[in-house]
Amino acid sequence: MTYHPKSDFVAVMIERGFLADCTDYQGLDEALVKGGQPGYIGFDATAPSLHVGSLIQIMMLRWLQRTGNKPITLMGGGTTKVGDPSFRADERPLLTPEAIADNIAGIKRVFSAYLTYGDGPTDALMIDNSEWLDDLNYLSFLRDIGRHFSINRMLSFESVKSRLDREQSLSFLEFNYMILQAYDFMELHRRYGCILQMGGSDQWGNIVNGIDLTRRVVDGTVFGLTSPLLTTSDGRKMGKSQSGAVWLNAEMLSPYSFWQFWRNTTDADVGRFLKLYTEVPVDECNRLGALAGSEINAAKIRLANEVTSLCHGPDAAEAAEQTARAVFEGGGVGDDLPTLALSRSELGDGISIVQLIVRAGLAKSGKEAKRLIAENGARIDDAPLSDAGLMIDAGALSAPIKLSAGRKRHALVTLQDG
């Protein structure tokens, strides 16, 4: 990338590693120099919370606002009824309107931590695409919008082509998704003057369609910008942990477990994640990411604190670090400490310590866990564990419990809120 940007936003996107591709670097850059330009990202309501995999997009919207422009969070109340087929092996399960509304209510809460909403020139807007999609007349839509789409071109997009190449079914319902997303971009441009759509690189085809449709129907000039699809340095998909999805809403994943996810970042990812998920200056990100040995652990704690402060607030980050110190003091733990997060329904009236040891991955069976205890090889919060009949209830999990098998294998057990 040799282009030298004039606008603060494009400069940040390049410098911090957000940029995968752009439809017109120079045109977008010159438009953003004016300031106050609306740009959007769409979020479908397939779950009651977004997870860490969406955090790169949320940070892009935050930087758009911080550099003097106007972010739009588009909730997919309409498009969720169809489902985005991009790079999926099968069709998404269809949700009821009530389930979609509940999911949108859950997702909305996280945005207020990252964006300032209001009526000012750079205040964010939250819009639901059901406003214009729910009442579309099908025949009119086909005549006025459908005629601008070439089936040949739609089949050439990688998100569709990869599905067809694997001979996996692609329903007509899903095939319509890219037309609806293109229509969203045109409507946002027409109604709110939106000039930019952003998304992951898997959305490139959908974004290009929207730019083309906006030019054809309303003679508007708009732009697209994509971020890389992130994986960790060891090849895992971003947003997943050993205990499942890393949710952004506190009621689905406790702030402590969220903090712990970032604390367990592999050494090679620290600098890159600091640039993407925090507002730490780039030079400092590079310095922290270059640390080695035990010093890199301090950088991981900084990463965990910064990301948790943005998502859940500084108090939650401070409490998580204090809890971690209390749990870990006196017993060395590895950087890849697994965390078992139990829901209250799973816990019920209590769960046996033997079951916990097995579920935490420290023993393969109840028999092996009992032998570990009998041979004095098990510890709880660094204290010897001798009672194989011990029951753990919600009170015992008011703070995370550290389980150990021998000197080198450890796991954390936490209680999820809700």
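These values consider heavy atoms only, across backbone and side chains, with no hydrogens, waters or symmetry-generated copies.
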Is Asn129 reaching over with its side chain to a backbone N or O of Asp184, donor-acceptor style, under 3.5 angstrom?
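Checked: no pair found.
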Is the backbone N or O of Gly120 less than 3.5 Å from a side-chain atom of Lys70, with the two atoms forming a donor-acceptor pair by type?
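Yes; judged by distance alone, with no hydrogens or angles, the pair exists.
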Grab the two heavy atoms, one from Ala299 and one from Val270, that are nearest each other, plus how far apart they are.
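Nearest pair, atom of Ala299 first, then Val270: CB-CG1, 3.9 Å.
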For the residue pair Arg16 and Leu276, what are the closest heavy atoms and their distance?
O-CD2, 3.5 Å
Is [Y] paired with [X] through a side-chain N to carboxylate O contact shorter than 4.0 Å?
X: Glu284; Y: Arg302; result: yes
X: Asp283; Y: Arg287; result: no
X: Arg359; Y: Glu346; result: yes
X: Glu187; Y: Arg191; result: yes
X: Arg66; Y: Asp8; result: no

Is there a donor-acceptor contact under 3.5 Å linking the side chains of [X] and [Y]?
X: His189; Y: Thr214; value: no
X: Gln57; Y: Ser227; value: yes
X: Asp44; Y: Thr79; value: yes

Tyr40 and Phe185 aromatic centres sub-6.0 Å
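When the ring centroids of Tyr40 and Phe185 are compared, they turn out to be within the sub-6.0 Å range.
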Would you please indicate if the ring centroids of Phe111 and Phe43 are separated by under 6.0 Å?
yes
Worked verdict on Asp269 versus Thr266 for side chain to side chain donor-acceptor pair (under 3.5 Å):
CA-CA 6 Å; Asp269 289 325; Thr266 56; 2.8 Å; yes
Before giving the answer on ring pair (Phe, Tyr, Trp, His ring centres under 6.0 Å), spell out for Phe141 and Tyr183 the whole-Å C-alpha distance, their side-chain angles and the decisive distance to 0.1 Å.
CA-CA 10 Å; Phe141 184 74; Tyr183 188 74; 5.3 Å; yes
Measure the acute angle between the ring planes of Tyr277 and Phe273, then classify it against the limits of 30° and 60° as parallel, tilted or perpendicular.
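Ring orientation, 0 to 90° scale: perpendicular.
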